Amino acid sequence: MRAALSADVRACERAAEGLEAELRLTVPSDVTVVEEAVELVARHLEAAFVDRRTIRFNLRVALAEALANAILYGNAGDETKRVGVRVLFGRHTVQVEVSDEGGGFDYRLLPDPTLPFARMQPRGRGLYLIRQLVDEVRFNDTGNSICMILRRD
Amino acid sequence: MSLSVRREPSGVVVVAVDGQLIVGNRQELKQKILDALEAGDRKFLIDFTHTGYIDSSGLGVLVSLSKKIRDQGGDLRLSGLNEDLKTLFELTKLDTLFAISDSPEDALTAF
């Protein structure tokens with residue numbers, strides 16, 4: 001993890017309870033590595049988490065979206081920049097934080113991609129999907145670190 | 001992800017996606033279909049029987065292809081969505097935009 005990432009204000013500033021294990025990785029700003037990074041995280045979580053579908057589907061898609069956003073928009077594909085992933089997990093809760101080295105964005109300004117005119121647009125579904133697939137989403141104030149939390153009984 | 005492309009005797013170009021359709025590989029699918037469209041093909045079936053998940057970039061490519069194919073007077077159908085993929089299409093309301101069949105066989109009879 002590079003200093004620039006670890007020093008940033010993080011989205012997951014307070015850890016939820018019951019998160020016994022931690023997984024960290026640093027991902028280059030290259031979209032071709034997204035699938036491998038997602039599989040690596042999912043493989044670790046599938047055995048530990050109570051519900052497999054949540055990991056197989058909700059987590060994989062949400063993490064792929066967050067990584068793609070961080071690489072394409074946050075770091076703007078700049079190969080000198082990295083994306084940090086920090087996963088804290090227990091049997092019933094997974095907390096995934098994805099942080100980039102970009103200037104952040106205003107996450108409150110995204111239109112609903114399911115409105116009839118928006119459905120024909122090729123872009124604008126990433127953050128919407130994340131919000132639909134995880135139980136809680138937080139950002140840091142800068143908007144370059146997202147915290148996604150999944151909970152299952 | 002790998003793609004296999006075949007042309008049915010009826011003229012339908014069937015592209016089977018094996019693996020995830022996501023940000024790192026979506027252009028491959030887009031280019032394959034656009035090449036066929038350029039070459040004169042008009043009927044397309046994309047089969048997801050062997051696909052685990054699709055991300056928003058992959059969905060975006062499907063939306064973009066659908067529009068391009070329709071603009072050329074063609075027809076795009078999708079098949080083989082597992083429960084996760086069906087959920088994705090429902091969440092994004094893209095199930096209202098695409099003709100979706102359970103199996104490639106069903107889709108081929110619908111052209």
Side-chain angles (χ1 to χ4, degrees), chain A residues 27-39 41-43 46 51-75 77 83 98 110-134, chain B residues 1-3 17-31 33-34 37 46 48 50-72 74 76 78 80-100:
Chain A
V27 180
S29 291
D30 174 358
V31 289
T32 63
V33 303
V34 168
E35 184 171 1
E36 191 184 340
V38 168
E39 291 312 314
V41 172
R43 236 185 356 258
E46 265 195 0
D51 182 57
R52 291 178 78 88
R53 192 195 185 208
T54 300
I55 301 302
R56 188 192 71 223
F57 177 54
N58 303 64
L59 175 116
R60 283 205 299 177
V61 176
L63 180 55
E65 297 298 344
L67 284 171
N69 283 343
I71 292 169
L72 292 175
Y73 306 117
N75 288 347
V83 176
V98 177
L110 293 176
D112 181 353
T114 64
L115 295 173
F117 69 91
R119 266 177 245 171
M120 294 298 292
Q121 299 302 316
R123 289 169 62 169
R125 293 182 180 84
L127 189 52
Y128 170 83
L129 271 182
I130 290 175
R131 289 190 190 280
Q132 298 295 313
L133 292 173
V134 308
Chain B
M1 194 243 348
S2 66
L3 301 173
V17 179
D18 193 345
Q20 331 307 345
L21 176 63
I22 65 170
V23 63
N25 58 37
R26 68 198 196 278
Q27 292 299 341
E28 271 179 66
L29 174 70
K30 187 172 185 178
Q31 203 51 54
I33 303 251
L34 288 181
L37 190 65
I46 305 178
F48 291 108
H50 300 291
T51 300
Y53 68 96
I54 300 176
D55 71 2
S56 64
S57 301
L59 293 172
V61 158
L62 296 177
V63 169
S64 161
L65 285 172
S66 162
K67 188 170 183 311
K68 286 189 161 68
I69 291 168
R70 221 174 300 170
D71 286 350
Q72 299 287 324
L76 170 66
L78 310 179
L81 306 186
N82 64 28
E83 284 307 310
D84 295 345
L85 295 184
K86 279 182 189 162
T87 303
L88 270 186
F89 277 76
E90 286 162 11
L91 284 174
T92 52
K93 296 210 166 82
L94 289 178
D95 55 333
T96 63
L97 201 70
F98 290 98
I100 300 171

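Note that the structure is a prediction, hence the values are computed from the model and not measured.
At a 4.5 Å heavy-atom cutoff, the contact between B/Leu91 and chain A is made by backbone and side-chain atoms alike. Residue A/Arg123: no heavy atom, backbone or side chain, is found under 4.5 Å from chain B. Looking at A/Leu133, only its side chain comes within 4.5 Å of chain B, counting heavy atoms on both sides. For A/Glu36, no part lies under 4.5 angstrom from a heavy atom of chain B. Within the 4.5 angstrom heavy-atom criterion, only side-chain atoms of B/Asn25, from C-beta onward, approach chain A. Only the backbone of B/Ile54 has a heavy atom closer than 4.5 Å to any heavy atom of chain A. For B/Thr96, the part lying near chain A is the side chain, with the backbone staying farther off; criterion is any non-hydrogen pair under 4.5 Å. The part of A/Glu65 that comes within reach of chain B is its side chain, from C-beta onward, which places non-hydrogen atoms under 4.5 angstrom from that chain. Residue A/Val38 touches chain B through its side chain alone, counting heavy-atom pairs closer than 4.5 Å. For chain B, the nearby part of A/Leu72 is the side chain; its heavy atoms alone come within less than 4.5 Å.
Contact count versus chain A (heavy atoms, under 4.5 Å) is highest, among B/Leu65, B/Ile22, B/Asp84, B/Leu85, for B/Asp84. Per-residue heavy-atom pair counts under 4.5 Å with chain A were compared for B/Ser66, B/Ser57, B/Ser56, and the maximum is reached by B/Ser56.
No hydrogens or angles considered: a donor-acceptor pair under 3.5 Å links the side chains of B/Thr87 and A/Arg53.
The closest donor-acceptor contact from the side chain of B/Thr92 to the backbone of B/Leu88 lies under 3.5 Å. Of the possible donor and acceptor atoms, one in the side chain of B/Asp55 sits under 3.5 Å from a partner among the backbone N and O of B/Val23.
For the pair A/Val34 and A/Ile71, the minimum side-chain heavy-atom distance is below 4.5 Å. Residues B/Met1 and B/Gln20 form no side-chain contact, since every pair of their non-hydrogen atoms from C-beta on lies 4.5 Å or further apart. For the pair A/Tyr128/A/Leu110, no side-chain contact is recorded, criterion being any heavy-atom separation below 4.5 Å from C-beta on. Inter-residue side-chain proximity for B/Ile46 and B/Phe98 is flagged as unmet; no heavy-atom pair is nearer than 4.5 Å. Proximity of A/Leu67 to A/Val31: side-chain heavy atoms (C-beta onward) are nowhere separated by under 4.5 Å.
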